[in-house]
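Read the structure below first, then the notes.
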Amino acid sequence: MEIQEVVSSQKAFFKTHQTKNIKFRKMYLEKLRDLIIKNEDLMCEAIHQDFGKSKFDTFTTELSFVLNDIDYYLKNINSLSKSKSVRTNLSTQIGKSSIHPEPLGCVLVIGAWNYPYQLSLSPMIAALAAGNCCILKPSEIAENTMKVMSKLINENFPPEYLYVYEGGIDETTELLKLKFDKIFFTGSTKVGKFIYKAAAEHLTPVVLELGGKSPAIVTKDADLEIAAKRIVWGKFLNAGQTCVAPDYLLVEESIHEQFLEMVRKYITEFQYSPDAEHYTRIINRRNFDRLLKLIDKEKIYFGGNSDENKLYIEPTLLNNISWEDDIMQEEIFGPILPVIGFTNFNLVLNSILEQEKPLAAYLFTRNSEEKEAFTAKLSFGGGCINDVIMHLGNDRLPFGGVGASGMGNYHGKYGFEAFSHQKSILEKATWGEPNIKYPPYSEKKLSWIRKLL
Ligand code: NAD
């Protein structure tokens with residue numbers, strides 16, 4: 001079936017109102033959960049073929065996320081989709097006011113390759129839970145995972161409800177000419193602009209989950225051991241190919257050397273060797289070459305080795321970096337960690353404020369004034385104090401960017417809301433109508449209205 005026909009069939013199916021039925025939504029969410037559980041090995045194998053991601057990482061950072069999402073919606077779908085009564089104010093009396101969450105229709109989810117299951121399936125699950133029909137376009141760069149998702153879903157779900165469309169740039173460009181009721185995009189800021197433009201043609205609302213350079217600040221008041229351990233884990237998870245990975249480090253000068261030694265210690269301890277099963281590969285040759293160009297050999301503090309046959313890049317620390325260096329001009333998205341020293345905490349916050357708003361920011365300190373200044377002064381999508389990445393693990397926290405790192409958010413109830421419209425209804429009584437609102441008007445009526453409003 002041509003994709004235009006699938007989209008038309010979804011629009012027609014949506015109009016049958018079947019997706020508004022909670023039992024219908026739950027049935028398919030349960031079906032998806034069973035499929036994922038039954039095909040865990042197949043899914044792990046595909047992602048391993050794509051970029052050597054271990055079974056442990058695939059479960060902890062991809063499948064467990066997606067399964068938790070399904071469980072969350074199965075548990076909360078009734079309350080999330082329920083109409084809510086709100087107070088009726090004096091000027092709208094005599095009446096009852098209520099808000100009715102309703103699905104949007106046929107939505108498009110475009111995924112990125114770096115967490116190919118989570119970033120495609122999580123928004124898709126939120127879209128289905130909210131009662132929409134959905135076209136999922138995973139990233140073609142992680143080809144094997146794309147094929148597994150397309151096989152599992154297209155063989156088990158009716159296309160007029162849910163369909164996985166395999167395609168690269170040309171196919172996506174064509175797809176974007178069609179009219180959707182929402183587009184949920186995860187990917188780079190550059191491509192996000194194309195998506196936004198294409199969506200504007202149809203006045204389609206968007207969620208854009210984009211990237212950016214996420215800083216991690218370590219001050220002299222931090223617990224340095226725990227900071228080093230957590231930063232090393234978060235930076236080299238997925239070989240740095242994580243949208244919320246700490247992109248660069250800002251370290252207070254008085255602890256600079258001591259801290260870098262701790263970082264080196266943990267990199268060694270975690271054994272990211274070329275043959276390590278737990279260390280992910282770079283996704284493709286293009287990114288491998290791009291990353292190697294960012295390593296300034298003069299500034300290597302640790303690492304710098306690579307193996308092009310294995311698309312392996314050793315965790316690499318670059319020291320004495322300045323804001324003007326090439327590596328500070330674009331999102332790194334790989335296992336290279338540049339370090340900039342600082343002496344004044346407030347000035348370093350100002351330097352971050354001069355950059356585009358990042359998707360994440362991290363602060364390591366036990367100093368409450370620093371914590372307050374970090375939260376109050378910086379604008380970023382979300383982040384942690386004394387950890388990295390883990391804010392994504394709490395589905396009570398909305399996840400999304402701000403400014404150049406994106407717009408809109410999801411996870412938990414925020415995902416449901418991203419794919420819902422909040423319809424307002426004021427139901428009026430047919431009696432008790434005050435005459436003062438109707439013409440002809442008079443000074444007396446106006447003076448009454450002033451008192452009432
Ligand atoms: P990308 O922007 O290259 O691709 C994302 C998606 O867009 C893919 O499905 C791809 O097929 C499609 N696409 C690519 N070029 C296109 C074009 N010209 N027109 C239409 N569609 C196009 O991003 P990527 O390389 O897959 O992922 C890396 C980027 O995504 C990084 O910047 C990273 O920070 C960001 N990211 C953000 C999040 C988040 O949740 N905010 C998560 C993961 C990745």
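Note that ligands are numbered from 1 as they come in the structure, with each ligand's atoms numbered from 1 the same way.
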**Message:** In this structure, is the centre-to-centre distance between the rings of Tyr72 and Phe65 below 6.0 Å?
**Reply:** no
**Message:** Taking the six-membered ring for Trp, are Tyr161 and Tyr28 closer than 6.0 Å centroid to centroid?
**Reply:** yes
**Prompt:** Does atom NZ of Lys38 have more than 12 heavy-atom neighbours, drawn from other residues, nucleotides or ligands, at distances under 6.0 Å?
**Reply:** no
Considering the heavy atoms of [X], write down every atom of ligand 1 situated less than 4.0 Å from one of them.
| X | value |
| --- | --- |
| Asn114 | 43 (C), 44 (C) |
| Lys137 | 8 (C), 9 (O), 10 (C), 11 (O) |
| Phe333 | 28 (C), 31 (C), 33 (C), 34 (O) |
| Glu209 | 37 (C), 38 (C), 39 (C), 40 (O), 41 (N) |
| Thr186 | 5 (C), 37 (C), 38 (C), 39 (C), 40 (O), 42 (C), 43 (C) |
| Ser139 | 9 (O) |
| Ile110 | 6 (C), 7 (O), 9 (O) |

Do the charged groups of [X] and [Y] touch, with an N to O distance under 4.0 Å?
| X | Y | value |
| --- | --- | --- |
| Lys413 | Asp395 | no |
| Asp326 | Lys293 | no |
| Lys265 | Glu225 | yes |
| Lys213 | Glu331 | no |

Starting from [atom], which protein heavy atom do you reach first, and at what distance in Å?
| atom | answer |
| --- | --- |
| atom 21 (N) of ligand 1 | Thr172 CG2, 3.4 Å |
| atom 25 (O) of ligand 1 | Trp113 NE1, 2.8 Å |
| atom 36 (N) of ligand 1 | Cys243 CB, 3.5 Å |
| atom 22 (C) of ligand 1 | Val191 CG1, 3.4 Å |
| atom 8 (C) of ligand 1 | Gly111 O, 3.3 Å |
| atom 17 (C) of ligand 1 | Ile169 CG2, 3.7 Å |
| atom 32 (O) of ligand 1 | Glu331 OE1, 2.7 Å |
| atom 40 (O) of ligand 1 | Phe399 CE2, 3.3 Å |

**Prompt:** Are any non-hydrogen protein atoms located under 4.0 Å from atom 1 (P) of ligand 1?
**Reply:** yes
**Message:** Does either side chain, that of Thr343 or that of Glu253, offer a donor lying less than 3.5 Å from an acceptor on the other one?
**Reply:** no
**Message:** Under 3.5 Å, is there a donor on one side chain and an acceptor on the other for Gln271 and Tyr279?
**Reply:** no
**Asked** Using a heavy-atom cut-off of under 4.0 Å, does the side chain or the backbone of Thr242 touch ligand 1, or both, or neither?
**Response** neither
**Request:** Just let me know how Phe185 lines up against ligand 1, side chain, backbone, both or neither, with a heavy-atom cut-off below 4.0 Å.
**Result:** side chain
Nearest to [atom] by heavy atom, [options]: which?
| atom | options | value |
| --- | --- | --- |
| atom 30 (O) of ligand 1 | Ser405, Gly212, Gly187 | Gly187 |
| atom 41 (N) of ligand 1 | Leu210, Ile141, Ile283 | Leu210 |
| atom 3 (O) of ligand 1 | Gly168, Ser188, Ala360 | Ser188 |

**Message:** Determine whether a donor-acceptor pair (N or O, by modelled atom type, separation under 3.5 Å) exists between the side chain of Lys235 and the backbone of Ile336.
**Reply:** yes
**Message:** In terms of relative ring orientation, are Tyr272 and Phe270 parallel, tilted or perpendicular, with 30° and 60° separating the classes?
**Reply:** perpendicular
**Request:** Using the six-membered ring wherever Trp is involved, compare the ring planes of Phe333 and Trp113 and label them parallel, tilted or perpendicular (cut-offs 30° and 60°).
**Result:** perpendicular
**Asked** Could you state the interatomic distance from CG (Asn156) to CG (Leu35), rounded to the nearest 0.5 Å?
**Response** 4.5 Å
**Prompt:** Any heavy atom of Gly406 sitting closer than 4.0 Å to ligand 1?
**Reply:** no
**Complete:** Only one of Asp325, Thr316, Asn319 passes side-chain hydrogen bond (donor to acceptor under 3.5 Å, both in side chains) with Lys299, and that residue is Asp325
**Message:** Looking only at distances, can you tell me whether any N or O atom of Glu140, backbone or side chain, sits closer than 3.5 Å to an N or O atom of ligand 1?
**Reply:** yes
